[in-house]
Protein chains: 2
Amino acid sequence: MSSNYGNQMTTISDVAREAKVSTATVSRVLNKSDKVRSITRDRVNAVIRKLNFIPNVNALGLQRKKTKTVGLIFPDASAYYFAEIIQGINRHLSQNDHQILISSAHDEAEEIKIVNGFVKGGRIDGLIMMMPSANGNNGFKIPLAYEIPEVFISCEINAPRATTILLDNYNAAREMVEHLSRLGHKRIAFIHGGEHNYDARERYRGYVDGRRICQADEDVNLEVVGNFTESSGFQATLELMKCKPQPTAIFAANDAMAIGAIEAARALKLRVPSDLAIVGFDDISSAAYMDPALTTVHVPLRRLGRLAAEALLKNLNTDSAERTTEKIIIPLQHVIRRSCGSEQTVKSESF
Amino acid sequence: MSSNYGNQMTTISDVAREAKVSTATVSRVLNKSDKVRSITRDRVNAVIRKLNFIPNVNALGLQRKKTKTVGLIFPDASAYYFAEIIQGINRHLSQNDHQILISSAHDEAEEIKIVNGFVKGGRIDGLIMMMPSANGNNGFKIPLAYEIPEVFISCEINAPRATTILLDNYNAAREMVEHLSRLGHKRIAFIHGGEHNYDARERYRGYVDGRRICQADEDVNLEVVGNFTESSGFQATLELMKCKPQPTAIFAANDAMAIGAIEAARALKLRVPSDLAIVGFDDISSAAYMDPALTTVHVPLRRLGRLAAEALLKNLNTDSAERTTEKIIIPLQHVIRRSCGSEQTVKSESF
DNA sequence: CTGAAAGCGCTTACAG
DNA sequence: CTGAAAGCGCTTACAG
């Protein structure tokens, strides 16, 4: 195996030699230290530019214990959330001279292994974890033992001095039920996204409370568990429509399942929304283009990513003793389209 | 700012002290060198395990010029492709003890800046780039000057000793036109994905040749340029249906635009497929759940990601002088559903 | 088979 | 304001 960087590598010594100063001075210029005469500084900067010098990150990491790198850990599933959030994170981080090391895990054991490697290997300065399957009060002690700043997305781990960013799933779901109730629905069914997912559980909680508040036949069981995929929404809907009496509205915990639900309604020769109202959650890009256009809850994923990046960056620049424990909850907006049968807002949809 | 790794950091010296050997010996054990007595090896390994020692990546990077990290650069757009491909790459790379550093760029200047920082900063051992907007023979010299292995996805840059992975867009598109022609369509329109996108251009080329081969009224202009979004597909379809005579089929260069096209057909009170056949490209997860279910071309994104990872890993372990120039073309399969009006296959779709 | 020592590319007290 | 030197955590000839 050959040396990798080959002849491309310019070092601080090359710069020092060319500028006729010591490496210490070059270093001071690089680090904007004020203890450099401006004439010297200019000369060094000229050489840096001329040689297109970029400091070796490994040397920096070794010496300063800073790598300008943030670790990102995501669950294996959720490709859609994943992509959007990363874009939001990356935009902010790259503007602030930080890079992203990503990995995905499908269970906590794998998760912990990755975090361990990242942190003990000296690869990262901070960590952003999206782990909706993490279960609050048990396990999951490992990453919290490290002293690097951490941001958790969509999981309620009570991590001291860490930042947790959550969607306000509960209120959005509750209000969605209230909206359906206002449209006259009494039997509002729910397709659950899965017991092991934080967002899904919170949406469910909002659904239950919404039904109670609206006194919407809450004693009738109208719940089926899906797994956030179109096909599970399809199957769940077939199940639900076997109930007697049948539900008049279905609230799917995400848009993919709502899409499956609409397809199932079609297979059952039910018209949406007149025979059956169907609503989702997420507001994916095709939601506006379905037939009928999908009523849903908009989830601002890029913004979520940006908030995570901002929170992490802030803590990266704060002494660990000064760091506070923060919880950021992102309020969510409904997007009322045709699939819920809401008259007054149909007109607001136009292309 | 406090030191980051705090007391978590175990070094090779800690291990050496505890095992009563020199750091050189520990290093030899870590690197599976055979020049260590097995008794010594066992003792050292026991300490390594006991202290949960993980070598510092920065020190390794400095010393060996290897970081066990692969850089991934993606265009800002294409969130969907992005997520799926990364999952494929990550799965393979993490199994082989490599990490992923990602970044996205929206033009070549930014691209080059990122690559520069990655390579000259000593951050990566190899590079995977997805740059459908890269334009073959011009510009884009920079990354190729480096000696690290490179894999290009969806762009035809004639990079010596690099691997290029392409989808067989051309043949899949041509065959799609032939399929529509076989169903009796003469006026087959095309919604282009954008001149600056390699996949889009290739799909267009397939469309043009398909029409010629089928002698499908090829002299009539039935093309509109979109940008791979639902809304552009919607607008493009409104445009196309102003043509006299109207097209009887629309081939959208991706599924998102096909979704917009179906919605537009609906707005125009046209039934799909009987009044207007519509087909897409990508086979996104909701394609099977639309109404009508979308005929499209399946693109195996995870596999694409895995192939990229495999190719890179292979070259990472090959001396640069031995590396060959490779081009891998992934054949694509059609998925015939209802939206094209193909009778014989409707029955094969079931839930 | 094992250890002492130099060195990878930086930063940072320390001395001047 | 500037430089010589030590040190961050590893690896690898070199000597034994």
Side-chain angles (χ1 to χ4, degrees), chain A residues 1 3-45 48 51 53-68 117 119-123 125, chain B residues 1-45 47-48 51 53-68 117 119-123 125:
Chain A
M1 264 187 264
S3 162
N4 253 349
Y5 319 133
N7 43 19
Q8 308 302 323
M9 206 70 160
T10 305
T11 72
I12 198 171
S13 307
D14 299 331
V15 176
R17 195 179 320 111
E18 181 96 4
K20 304 196 190 311
V21 293
S22 70
T23 60
T25 298
V26 178
S27 176
R28 288 189 190 101
V29 171
L30 288 170
N31 297 297
K32 323 261 183 233
S33 157
D34 48 349
K35 301 179 208 155
V36 182
R37 234 186 341 163
S38 69
I39 300 183
T40 314
R41 174 189 312 280
D42 292 346
R43 185 152 39 95
V44 171
N45 272 326
I48 287 173
L51 300 184
F53 170 66
I54 293 178
N56 183 293
V57 178
N58 300 303
L60 288 174
L62 235 198
Q63 176 61 248
R64 296 206 287 212
K65 315 288 184 219
K66 294 278 176 190
T67 59
K68 297 274 187 187
V119 176
K120 306 202 81 174
R123 282 182 176 277
D125 297 340
Chain B
M1 266 187 263
S2 66
S3 162
N4 254 351
Y5 321 132
N7 43 20
Q8 308 302 322
M9 205 70 162
T10 306
T11 71
I12 198 172
S13 308
D14 298 331
V15 176
R17 195 180 318 112
E18 181 97 3
K20 303 197 193 308
V21 294
S22 71
T23 59
T25 298
V26 178
S27 177
R28 290 190 190 101
V29 171
L30 288 170
N31 297 298
K32 322 261 184 238
S33 158
D34 48 348
K35 303 178 207 155
V36 182
R37 229 179 353 156
S38 70
I39 301 184
T40 315
R41 175 190 309 282
D42 292 347
R43 186 152 40 92
V44 171
N45 273 326
V47 175
I48 287 173
L51 299 183
F53 170 66
I54 293 177
N56 182 294
V57 178
N58 299 304
L60 289 175
L62 235 200
Q63 176 58 246
R64 295 206 287 211
K65 314 287 182 223
K66 293 278 176 189
T67 59
K68 297 273 186 189
V119 177
K120 305 203 82 175
R123 281 184 177 276
D125 297 341

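Convention: sequence-line order gives letters A, B, ...; per-chain numbering from 1. None of these values were measured; they are calculated from a predicted model.
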Chemist: Is the shortest side-chain N/O distance from B/Lys65 to OP1 or OP2 of D/dT11 below 4.0 Å?
Modeler: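 For D/dT11, neither OP1 nor OP2 has a side-chain N or O of B/Lys65 closer than 4.0 Å.
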Chemist: Measure from the side chain of A/Ala24, starting at C-beta and using heavy atoms only, and say which of D/dG3, D/dA13, C/dT11 lies closest.
Modeler: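 Out of D/dG3, D/dA13, C/dT11, the nucleotide with an atom closest to A/Ala24's side chain is D/dG3.
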Chemist: With DNA chain C as reference, determine whether B/Ala59 or B/Thr23 sits nearer its 5' end, using the nearest nucleotide of each.
Modeler: B/Thr23
Chemist: Roughly how many Å is it from CG in B/Leu51 to C1' in D/dG9, rounded to a whole number?
Modeler: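 The distance from CG of B/Leu51 to C1' of D/dG9 comes to 15 Å, rounded to the nearest Å.
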Chemist: In whole angstrom, what separates A/Leu62's CG from C/dC10's P?
Modeler: 12 Å
Chemist: Within the structure, does a side-chain N or O atom of B/Asn58 lie under 4.0 Å from either OP1 or OP2 of D/dC10?
Modeler: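 For D/dC10, neither OP1 nor OP2 has a side-chain N or O of B/Asn58 closer than 4.0 Å.
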Chemist: How many whole angstroms separate atom CZ of B/Arg37 from atom P of C/dG3?
Modeler: 10 Å
Chemist: For D/dT2, does either OP1 or OP2 sit under 4.0 Å from a side-chain N or O belonging to A/Thr40?
Modeler: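 Yes, such a contact exists.
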Chemist: In this structure, how many angstroms lie between the P atom of D/dC8 and the NZ atom of A/Lys66, rounded?
Modeler: 18 Å
Chemist: Strictly distance-based, threshold 3.5 Å: is any side-chain N or O of B/Lys65 a donor or acceptor partner for the main-chain N or O of B/Leu62?
Modeler: yes
Chemist: Hey, does A/Ser27 reach any base, or is it just sugar-phosphate, or nothing, if we go heavy atoms under 4.0 Å?
Modeler: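 Base contact.
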Chemist: Any side-chain heavy-atom pair from B/Leu30 and B/Ile48 closer than 4.5 angstrom?
Modeler: yes
Chemist: Any stems for DNA chain D, made of 3 or more Watson-Crick or G-U pairs in a row, each with both distances under 3.5 Å?
Modeler: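 If one scans DNA chain D for consecutive Watson-Crick or G-U pairs, the stems found are C:1-3 with D:14-16, C:5-12 with D:5-12, C:14-16 with D:1-3.
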Chemist: OP1 or OP2 of D/dC1 less than 4.0 angstrom from a side-chain nitrogen or oxygen of A/Arg28, does that happen here?
Modeler: no
Chemist: Measure the distance from CG on A/Asn31 to P on D/dT2 and round it to the nearest whole Å.
Modeler: 15 Å
Chemist: Looking only at side-chain N and O atoms, does B/Ser22 come under 4.0 Å of OP1 or OP2 in C/dG3?
Modeler: yes
Chemist: Given 3.5 Å as the limit, does a donor-acceptor pair link the side chain of A/Thr67 with the main chain of A/Arg123, or not?
Modeler: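 Present.
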Chemist: Consider side chain to side chain contact (heavy atoms under 4.5 Å, CB included). Of B/Thr25, B/Val36, B/Val21, which one does B/Arg41 pass it with?
Modeler: B/Val36
Chemist: In whole angstroms, how far is the P atom of D/dG3 from the CD1 atom of A/Ile12?
Modeler: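 In whole Å, D/dG3 P lies 12 Å from A/Ile12 CD1.
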Chemist: Please give, in whole Å, the distance from C/dG9 P to A/Asp14 CG?
Modeler: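 Interatomic distance, CG of A/Asp14 to P of C/dG9: 8 Å.
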Chemist: Students often get this wrong, so: under 4.0 angstrom with heavy atoms, is B/Val26 touching a base, only sugar-phosphate, or nothing?
Modeler: nothing
Chemist: Expressed as a whole number of angstroms, how long is the span from A/Asn56:CG to D/dC10:P?
Modeler: 16 Å
Chemist: Taking only side-chain nitrogens and oxygens of B/Arg64, does any of them come within less than 4.0 Å of OP1 or OP2 of D/dC10?
Modeler: no
Chemist: When you check the phosphate oxygens OP1 and OP2 of C/dT2, does a side-chain N or O of B/Thr25 lie under 4.0 Å from one of them?
Modeler: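 Negative; the distance criterion is not met.
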Chemist: Check every atom of C/dG9, D/dC10, D/dT12 against the side chain of B/Pro55 and return the nucleotide holding the closest atom.
Modeler: D/dC10
Chemist: Would you say A/Lys66 and A/Leu60 make side-chain contact, with heavy atoms under 4.5 Å?
Modeler: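 They are not in contact (no side-chain heavy atoms under 4.5 Å apart), so the answer is no.
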Chemist: Is any side-chain heavy atom of A/Arg64 closer than 4.5 Å to a side-chain heavy atom of A/Asn31?
Modeler: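 When only atoms from C-beta onward are counted, A/Asn31 and A/Arg64 do touch, with a gap below 4.5 Å.
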Chemist: When you measure from the side chain of B/Asp42 to the backbone N and O of B/Ile39, does any donor-acceptor pair fall under 3.5 Å?
Modeler: no
Chemist: On a heavy-atom basis, which atom in B/Gly122 and which in A/Asn58 lie closest, and how many Å separate them?
Modeler: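 That closest heavy-atom pairing would be O-ND2, 2.9 Å.
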